[in-house]
Number of protein chains: 2
Amino acid sequence: MPSKTYQRIRLDHASEVAEDYVEAIADAIAERGVCRAMDLVKHFAVTHATVNNTIGRLQRDGLVVTEPYQPIELTAAGKRLATQSRKRHEIVEGFLRRLGVSAATAATDSEGIEHHVSKETLNAMKRVLTDGWPSE
Amino acid sequence: MPSKTYQRIRLDHASEVAEDYVEAIADAIAERGVCRAMDLVKHFAVTHATVNNTIGRLQRDGLVVTEPYQPIELTAAGKRLATQSRKRHEIVEGFLRRLGVSAATAATDSEGIEHHVSKETLNAMKRVLTDGWPSE
DNA sequence: AGCTCGAGTTAGCCAATGCTAACTTTTTCG
DNA sequence: CGAAAAAGTTAGCATTGGCTAACTCGAGCT
Ligand SMILES: [Mn+2]
Ligand SMILES: [Mn+2]
Ligand SMILES: [Mn+2]
Ligand SMILES: [Mn+2]
């Protein structure tokens, strides 16, 4: 109802791409040692040109560092954001699984939902994962 | 994990503004008889010029009809989308309330989450609202 | 060494969604 | 009635996040 609602959602969307990218970059580094642009091309199903543009913005915003033709690295801020985003993502996905949703659906839905979950809602989900469902 | 995940999220976002607008227009008509652009300016906290642009797209897409200086009306397709969006929205918001989240947070979070909830997840939420929490 | 081919870069384009500023129309009110 | 205020329109602009096409770089193979 309050008009600030939609402003917050616009902010959520503004940080969404950054969050998903740093998470994917951290995953690639964890799994394959380095992250190359092509890893992100496959992961997000966008073109190499789009990845390049996006990485440029992330670098501008201090989340990654790249040098021409080199793998993509995360800054300290990028690593922090990646860790934090992954934690939140895991809680949302785990919660959906707990709700009885299939693994495939939980994976897909949580990828969008995660960016719109406030601290309060995240805590409620976490509580379910550790303590079980609320009474009644 | 599958690359189609992010394609679906991009589609979710592409329909998000349309869904929120037709819902708000239907609400305004239900509450005040007509919907004027200024109602949407207040609701979404954007400028009148932005509302005008957006309404133009909705008209192009066959969801609303407007004539200069006249109130905004929904087409049959617009009404259908509004009804469907509101139902989904109410389930998501009700579910968050049931989870123990405050009314204010449930209102805000559901406004973003609603657009990323698949049929399967929506059904799981609906089940909680009618039958209570899953066993375990 | 030289070539080829995959990967990366750059330029140029588009649509969506936001904005401000200037103008027009309608409504309201003295 | 007429002026001021409110509402609506239009023009022009920016950013994000997509795309294609053309070019460059570099790794690896013959
Ligand atoms: Mn994520
Ligand atoms: Mn995501
Ligand atoms: Mn919404
Ligand atoms: Mn979203």
Side-chain angles (χ1 to χ4, degrees), chain A residues 3-25 28 32-73 111-112 115-116, chain B residues 3-25 28-29 32-73 111-112 115:
Chain A
S3 64
K4 270 200 250 168
T5 295
Y6 294 93
Q7 294 177 316
R8 215 219 46 200
I9 289 167
R10 291 195 287 271
L11 287 180
D12 292 344
H13 285 153
S15 34
E16 168 158 354
V17 170
E19 290 166 356
D20 286 340
Y21 266 65
V22 295
E23 211 183 323
I25 293 165
R32 290 182 292 284
V34 294
C35 177
R36 312 266 2 178
M38 286 310 292
D39 297 328
L40 302 173
V41 166
K42 280 168 208 146
H43 186 79
F44 292 111
V46 294
T47 63
H48 47 227
T50 294
V51 165
N52 223 46
N53 282 345
T54 304
I55 293 299
R57 279 197 305 281
L58 298 186
Q59 183 153 30
R60 179 202 64 190
D61 297 342
L63 296 170
V64 308
V65 199
T66 54
E67 292 200 74
Y69 302 99
Q70 291 313 118
I72 298 155
E73 286 175 80
E111 194 59 69
H115 309 280
H116 301 287
Chain B
S3 63
K4 269 200 250 165
T5 296
Y6 294 92
Q7 294 177 315
R8 215 220 47 202
I9 288 167
R10 290 194 288 270
L11 287 179
D12 291 344
H13 285 152
S15 33
E16 170 159 351
V17 169
E19 290 166 357
D20 286 340
Y21 266 66
V22 294
E23 210 184 323
I25 293 166
I29 290 172
R32 290 182 291 283
V34 293
C35 177
R36 312 264 7 176
M38 285 311 291
D39 296 329
L40 302 172
V41 167
K42 280 169 207 145
H43 186 80
F44 292 110
V46 294
T47 63
H48 48 228
T50 293
V51 165
N52 222 47
N53 282 346
T54 304
I55 292 298
R57 279 197 306 279
L58 298 185
Q59 182 153 29
R60 179 202 64 190
D61 297 343
L63 295 170
V64 308
V65 199
T66 53
E67 293 199 75
Y69 302 100
Q70 291 313 117
I72 299 155
E73 285 175 77
E111 194 60 69
H115 309 280

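None of these values were measured; they are calculated from a predicted model. Per chain, numbering begins at 1; letters A, B, ... match sequence-line order.
Close to dG17(D), at under 4.0 Å from its OP1 or OP2, lies no side-chain N or O of Thr54(A). Remark: Thr50(B) is not in phosphate contact with dT17(C), judged by side-chain N or O atoms under 4.0 Å from OP1 or OP2. Between dG17(D) and Arg10(B), no contact under 4.0 Å exists linking OP1 or OP2 to a side-chain N or O.
Summarising the geometry, the separation between CD1 on Ile72(B) and P on dT9(D) is reported as 8 Å, rounded to the nearest angstrom. Rounded to a whole Å, the CD atom of Gln70(A) is 20 Å from the P atom of dT24(D). The interatomic distance linking Phe44(B) (CZ) with dC19(C) (C1') rounds to 17 Å, in whole Å. Between Ile55(B) atom CD1 and dT9(D) atom P the separation is 10 Å, expressed in whole Å. A straight line from CD1 of Ile9(B) to P of dG17(D) spans 14 Å, rounded to a whole angstrom. With rounding to whole Å, Asp39(A) atom CG is found 16 Å from dG6(C) atom P. Note: CZ (Arg36(B)) to P (dT27(C)) measures 7 Å, nearest angstrom. A straight line from CG of Asn52(B) to P of dT17(C) spans 15 Å, rounded to a whole angstrom.
The listed nucleotides are dG18(D), dT9(D), dT16(D); the one nearest the side chain of Arg60(A) is dT16(D). Closest approach to the Arg57(B) side chain among dT9(D), dG8(C), dT17(C) is made by dT17(C) (side chain taken as heavy atoms from C-beta onward). Counting only heavy atoms from C-beta on, His48(B) has its side chain closest to dA21(C) among dG18(C), dA21(C), dT20(D). Comparing dC19(D), dA7(D), dT20(C) by their closest approach to the side chain of Val46(A) singles out dC19(D). The side chain of Ala49(B) has dC19(C) as its nearest neighbour among dG8(C), dC19(C), dA7(D). Comparing dC19(D), dG26(D), dT25(C) by their closest approach to the side chain of Tyr69(B) singles out dT25(C).
The C1' atoms of five pairs define one axis at each end of the helix from dA1(C)-dT30(D) to dG30(C)-dC1(D), and these two axes lie 10° apart (to 10°).
Heavy atoms only, all atoms of each residue included: Ile55(B) and Thr66(B) are closest at CG2-CG2, 3.8 Å. Of all heavy-atom pairs between His48(B) and Val41(B), the closest is CA-CG2, 3.5 Å. Of all non-hydrogen atoms in Cys35(B) and Ile29(B), the two that sit nearest each other are N-CG1, 3.9 Å.
Atom CD of Glu19(A) sits about 6.0 Å away from atom NE2 of His115(A), to the nearest 0.5 Å. To the nearest 0.5 Å, the span separating CD on Glu111(A) from CD1 on Ile9(B) amounts to 5.0 Å.
If you find the closest nucleotide of DNA chain D to Ala18(A) and to Pro68(A), the one lying nearer the 5' end belongs to Ala18(A). Nearest-nucleotide positions on DNA chain D for Thr47(A) and Asn53(B) put Asn53(B) closer to the 5' end.
Every residue two or more places apart in sequence or in another chain that forms a side-chain contact (heavy atoms from CB on, under 4.5 Å) with Val17(B) is listed here: Tyr21(B), Thr54(B).
Residue contacts for Val17(B): at a heavy-atom cut-off of 4.0 Å it reaches the sugar-phosphate backbone alone, with no base atom in range.
Side-chain contact, Asp20(A) with His43(A): no donor N or O sits under 3.5 Å from an acceptor N or O.
Residue Glu73(A) qualifies as open at atom CD: its count of foreign heavy atoms under 6.0 Å is 12 or below.
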